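Predicted, not measured: the structure shown is a model, and the values here were computed from it.
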Amino acid sequence: MYNMCAEHVATETGTGLLWHAVDANGNALCARIFSAAPTPDGACDREGYCSSCMNAVADAVRSSAAADPRAPVGGGHPHGQ
């Protein structure tokens, strides 16, 4: 399981947050170095997800599923029901 941290970014319309997946050491999976800071509700115009981080998470999930063929993939019920 990964944690998520948001990076403040400039957008065409003002400010935004770009969400990154981070490992147990707090490093972004995309290897980008950033300082995450809390943002008050409504303080940004736009939010998005880092495609490199999301691809890394998807690859890890696929690898885990391939290693354990009993593991549900794509939101299946954990007990096969």
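- Taking D23 as the reference, nothing meets the side-chain hydrogen bond (donor to acceptor under 3.5 Å, both in side chains) condition, with sequence neighbours excluded.
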- Task: Please test L17 against H8 for side-chain contact (heavy atoms from CB on, under 4.5 Å), starting from the C-alpha separation and ending with a verdict.
- Result: CA-CA 5 Å; L17 295 176; H8 295 275; 3.6 Å; yes

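- The two residues L18 and C50 come nearest to each other via the heavy atoms CD1-N, 3.6 Å.
- Evaluated for a side chain to side chain contact (heavy atoms under 4.5 Å, CB included) with H20, the options M54, M4, E7 yield exactly one hit, E7.
- The minimum heavy-atom distance between Y2 and V57, with the atom names listed, is CD1-CG2, 3.8 Å.
- Applying the salt bridge (charged side-chain N to carboxylate O under 4.0 Å, His left out) definition to pairs two or more places apart or across chains, those involving residues 48-67 are D59-R62.
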